[in-house]
Participant: 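Sharing a structure with you now.
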Amino acid sequence: MINFNFMPSGPIARYTVRLFVTRTLAVLVSLVMILMTLDLLGESGRILAAPGNGQAQLLHYVVLRVPMLVARFLPFSALLGTLIAFAGLNQHSEVIAMKAAGISAHQILAPLIFASIVMAGVNFVFNETVVVNSTRAVNAWSDADYRTVPPESGLLSNVWILDGDDLVRARHVGGAGSRLHLERVTIYERDKGVLQRVIDVARADQLPGGGEQGWALSNLTTYDSAMGVVSRSDRAIGLRGISPLRFTLAKVEPTEQDFWQLRRSIAALEAAGRQTDEARSGLWHKLAAPVSTILMPLLAAIAAFGLARSGQVLLRATVGMALGFTYFVVDNFSLSMGNVGIYPPFLAAWAPVLLFFLIGETVLIRSEE
């Protein structure tokens with residue numbers, strides 16, 4: 001008699017979930033260890049080149065980077081974990097036994113889908129609470145050539161703005177509201193595109209009025225290109241008429257802000273008449289990216305069906321892996337199209353999910369038939 005319940009029996013569900021979770025975690029740990037080692041080998045020279053850095057800073061870099069790698073490669077680990085689990089079930093004819101007992105392909109897959117939903121929820125919370133902070137800290141630290149960066153809220157790094165014909169680069173933007181300040185600022189004063197002076201400023205603080213009256217500049221070094229003269233001064237007033245919002249809105253990086261903070265940034269961009277396509281695509285992708293974890297068991301399910309003795313288990317596993325790889329390629333391409341405004345932001349984030357859900361369902365139904 002065919003079982004019309006959505007889930008298989010409790011023991012079978014627990015067994016398949018255990019296989020899926022343990023193999024996914026094993027793949028994730030292995031990937032993170034390998035990629036972290038390669039990443040550290042590539043960055044250790046730059047980290048140790050900064051004065052005062054040593055083993056503690058290398059360890060700090062690892063602590064910041066590991067959460068980013070975990071969040072990025074969890075969906076891929078779920079894909080490989082499902083492939084390994086299903087290939088083993090197929091190889092030992094356990095799938096045949098389940099189907100002989102009247103369990104459909106969707107029922108075999110259902111416990112893994114529920115487990116991946118839990119993983120997706122954990123991944124979203126992990127992204128919003130840990131990964132965004134790690135990303136912001138790593139980017140600011142890297143932009144500062146791994147020198148000490150103040151641990152403060154509202155941290156931005158390497159921000160460029162155009163003020164008339166002049167260019168202003170702030171390597172560090174910290175604080176919020178009236179306490180927002182700039183550090184390691186370079187002002188390129190130009191006249192009709194010709195460079196006149198380069199002013200390096202150690203720190204810039206707002207004067208009362210939110211920047212309309214200018215900024216208090218400290219420890220200036222000025223190079224006059226016309227005269228070839230370098231001069232220094234302790235304090236000066238500059239950057240008149242530049243609102244702090246110019247700096248905070250000049251670089252809205254979705255990976256460095258949580259969901260609600262990014263929504264506020266989008267509202268501020270709209271109020272300032274700025275382009276919001278990239279920020280909106282990033283906002284929707286914050287929801288779509290964890291959902292991709294739920295897709296992975298569906299895309300890998302092709303490895304579970306078909307006779308093992310036919311010699312096609314490896315081929316089916318390869319097809320499942322190819323589907324997963326293709327999803328990530330299409331997802332990155334679609335997000336890029338959304339960032340430049342070619343695709344609507346919602347479509348850029350969710351179209352790959354819908355497309356590969358339909359592909360996965362089609363492959364699963366054909367396999368079941």
Participant: Is it true that Glu189 and Arg197 have a side-chain N and a carboxylate O under 4.0 angstrom from each other?
Facilitator: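 Between Arg197 and Glu189 there is a salt bridge, with a charged N closer than 4.0 Å to a carboxylate O.
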Participant: Start with the C-alpha gap between Met321 and Leu83, add the side-chain angles, then the distance that decides, and say whether side chain to side chain contact (heavy atoms under 4.5 Å, CB included) holds.
Facilitator: CA-CA 8 Å; Met321 187 179 298; Leu83 286 171; 3.8 Å; yes
Participant: Within the structure provided, determine whether Val138 and Arg65 are in side-chain contact (heavy-atom separation under 4.5 Å).
Facilitator: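 The answer is yes, as the side chains (C-beta and beyond) meet within the 4.5 Å cut-off.
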Participant: Are Glu270 and Arg280 close enough that some pair of their side-chain heavy atoms sits under 4.5 Å apart?
Facilitator: yes
Participant: Atom CD1 of Ile161 and atom CG of Leu239: how far apart are they, to the nearest 0.5 Å?
Facilitator: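 Answer rounded to 0.5 Å: 7.0 Å.
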Participant: Would you say that Pro11 contacts Arg14 through its side chain, given a criterion of any heavy-atom pair below 4.5 Å between the two side chains?
Facilitator: yes
Participant: Taking Val70 as the starting point, is it possible to reach Val122 by hopping between hydrophobic residues whose side chains are less than 4.5 Å apart?
Facilitator: no
Participant: Has Arg263 got more than 12 heavy atoms of other residues, nucleotides or ligands less than 6.0 Å from its CZ?
Facilitator: no
Participant: Is the shortest side-chain heavy-atom distance between Phe259 and Pro254 below 4.5 Å?
Facilitator: no
Participant: Do side-chain atoms of Asp145 reach the backbone of Arg147 as a donor and acceptor pair under 3.5 angstrom?
Facilitator: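 No; judged by distance alone, with no hydrogens or angles, the pair does not exist.
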Participant: State which residue, out of Asn127, Val132, Val131, Val130, fulfils the side-chain contact (heavy atoms from CB on, under 4.5 Å) condition with Met68.
Facilitator: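 Looking at Asn127, Val132, Val131, Val130, the match for Met68 under the side-chain contact (heavy atoms from CB on, under 4.5 Å) is Val131.
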Participant: If we only count heavy atoms from C-beta on, is the Pro297 to Leu109 side-chain gap below 4.5 Å?
Facilitator: yes
Participant: Working to the nearest 0.5 angstrom, can you tell me the gap between Asp39 CG and Ile34 CD1?
Facilitator: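 It is 13.5 Å, given to the nearest 0.5 Å.
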Participant: State the OG-CG distance between Ser116 and Leu79, to the nearest 0.5 angstrom.
Facilitator: 12.0 Å
Participant: Using the rule that two of Ile, Leu, Val, Met, Phe, Trp, Tyr join whenever any of their side-chain heavy atoms come within less than 4.5 Å, decide whether Leu64 and Val62 are in one cluster.
Facilitator: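 Yes, one cluster joins them.
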Participant: For Asn123 and Thr293: C-alpha separation, side-chain torsions, deciding distance, then whether side chain to side chain contact (heavy atoms under 4.5 Å, CB included) applies.
Facilitator: CA-CA 9 Å; Asn123 192 19; Thr293 306; 4.2 Å; yes
Participant: Describe, in one word, how the ring planes of Trp141 and Tyr61 are oriented to each other, choosing from parallel (under 30°), tilted (30 to 60°) and perpendicular (over 60°).
Facilitator: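 Rings of Trp141 and Tyr61: tilted, as their planes differ by 30° to 60°.
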Participant: Could you walk me through whether Tyr327 and Leu299 pass the side chain to side chain contact (heavy atoms under 4.5 Å, CB included) test, one step at a time?
Facilitator: CA-CA 9 Å; Tyr327 168 79; Leu299 297 179; 4.2 Å; yes
Participant: Please check this pair: side chain of Trp215 against backbone of Ile242, looking for a donor-acceptor N/O pair closer than 3.5 Å.
Facilitator: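 Indeed, once roles are kept as given, a pair shorter than 3.5 Å links the two residues.
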Participant: Is any side-chain heavy atom of Ser142 closer than 4.5 Å to a side-chain heavy atom of Arg46?
Facilitator: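 Yes; the side chains approach each other to less than 4.5 Å.
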Participant: Can you give the donor-acceptor pairs under 3.5 Å from side chains of residues 334-360 to other protein atoms, not counting sequence neighbours?
Facilitator:
residue	atom	partner	partner atom	Å
Ser334	OG	Ala348	O	2.6
Ser336	OG	Asn332	O	2.9
Asn339	ND2	Leu335	O	3.4

Participant: Applying the 4.5 Å side-chain criterion to the ILVMFWY set and letting contacts propagate, would Met119 and Val29 be lumped into a single cluster?
Facilitator: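 Met119 and Val29: separate clusters.
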Participant: For the residue pair His181 and Glu183, what are the closest heavy atoms and their distance?
Facilitator: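 Here His181 and Glu183 meet closest at NE2-OE2, 3.3 Å.
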Participant: Go through the structure and list residues passing ring-ring contact (aromatic ring centres under 6.0 Å, His included) with Phe114, not counting sequence neighbours.
Facilitator: none
Participant: At their closest point, which heavy atom of Ile108 faces which heavy atom of Leu112, and how far apart are they?
Facilitator: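 Looking at all heavy atoms of both residues, the shortest contact is O-CD1, 4.1 Å.
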Participant: So how far is it from Thr326 OG1 to Asp331 CG, rounded to the nearest 0.5 Å?
Facilitator: 12.0 Å
Participant: How long is the gap from OG on Ser30 to CZ on Phe73, to the nearest 0.5 Å?
Facilitator: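 Those atoms lie 13.0 Å apart.
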Participant: Within the side chain of Ser225, is there an N or O that forms a donor-acceptor pair under 3.5 Å with the backbone of Leu195?
Facilitator: yes
Participant: For salt bridge (charged side-chain N to carboxylate O under 4.0 Å, His left out), just list the numbers for Arg190 and Asp166, CA-CA rounded to whole Å, side-chain angles, deciding distance to a tenth of an Å, and then say yes or no.
Facilitator: CA-CA 5 Å; Arg190 304 185 300 175; Asp166 300 339; 5.6 Å; no
Participant: Using the rule that two of Ile, Leu, Val, Met, Phe, Trp, Tyr join whenever any of their side-chain heavy atoms come within less than 4.5 Å, decide whether Ile266 and Leu287 are in one cluster.
Facilitator: yes
Participant: Return yes if a side-chain donor-acceptor contact under 3.5 Å exists between Thr186 and Arg171, otherwise no.
Facilitator: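 Indeed, the side chains of Thr186 and Arg171 share at least one donor-acceptor pair under 3.5 Å.
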Participant: Ignoring hydrogens and geometry beyond distance, is a side-chain donor-acceptor pair present between Tyr188 and Gln196 at under 3.5 Å?
Facilitator: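 No pair is found: no donor N or O on one side chain lies under 3.5 Å from an acceptor on the other.
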Participant: Atom CZ of residue position Arg184 - does it have more than 12 heavy atoms of other residues, nucleotides or ligands inside 6.0 Å?
Facilitator: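 More than 12 heavy atoms, drawn from other residues, nucleotides or ligands, come within 6.0 Å of this atom.
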Participant: If hydrophobic clusters are built by linking Ile, Leu, Val, Met, Phe, Trp and Tyr wherever their side-chain heavy atoms come under 4.5 Å apart, do Ile117 and Leu295 end up in the same one?
Facilitator: yes
Participant: Determine, for Lys286 against Glu128, whether the closest basic-nitrogen to carboxylate-oxygen distance falls under 4.0 angstrom.
Facilitator: yes
Participant: Report yes if the side chains of Leu269 and Gln275 come closer than 4.5 Å at any heavy-atom pair, otherwise no.
Facilitator: no
Participant: If only atom types and distance count, is the side chain of Asp224 paired as donor or acceptor with the main-chain N or O of Met227 below 3.5 Å?
Facilitator: yes
Participant: Locate the shortest heavy-atom distance separating Pro75 from Arg72; write the atom from each residue and the value.
Facilitator: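 Closest approach of Pro75 to Arg72, heavy atoms only: CD-O, 3.7 Å.
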Participant: Taking atom types as modelled, is there a side-chain donor on Asn139 or Glu256 under 3.5 Å from an acceptor on the other?
Facilitator: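 Yes, a side-chain donor-acceptor pair sits under 3.5 Å.
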Participant: If you take all heavy atoms of Pro244 and Leu180, which pair is closest and at what distance?
Facilitator: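 Residues Pro244 and Leu180, closest heavy atoms: CB-CD2, 4.0 Å.
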Participant: Is there a side chain to side chain contact (heavy atoms under 4.5 Å, CB included) between Leu167 and Leu162? Walk through the geometry before answering.
Facilitator: CA-CA 5 Å; Leu167 288 171; Leu162 181 65; 3.6 Å; yes
Participant: Pair up each side-chain donor or acceptor in residues 228-238 with any protein partner under 3.5 Å, not counting sequence neighbours, and list the distances.
Facilitator:
residue	atom	partner	partner atom	Å
Arg235	NH1	Ser218	OG	3.3

Participant: Ring-plane angle category for Phe325 and Phe76, please: parallel below 30°, perpendicular beyond 60°, tilted otherwise.
Facilitator: tilted
Participant: Kindly give the heavy-atom pair with the smallest separation between Ala115 and Val21, and that separation in Å.
Facilitator: CB-CG2, 4.5 Å
Participant: Applying side-chain hydrogen bond (donor to acceptor under 3.5 Å, both in side chains), run through Glu361 and His106 and close with a yes or a no.
Facilitator: CA-CA 9 Å; Glu361 270 295 317; His106 283 86; 3.0 Å; yes
Participant: Measuring from Asn53:CG to Tyr146:OH, what's the distance to the nearest 0.5 Å?
Facilitator: 10.0 Å
Participant: Any side-chain heavy atom of Leu28 sitting closer than 4.5 Å to one from Val32?
Facilitator: yes
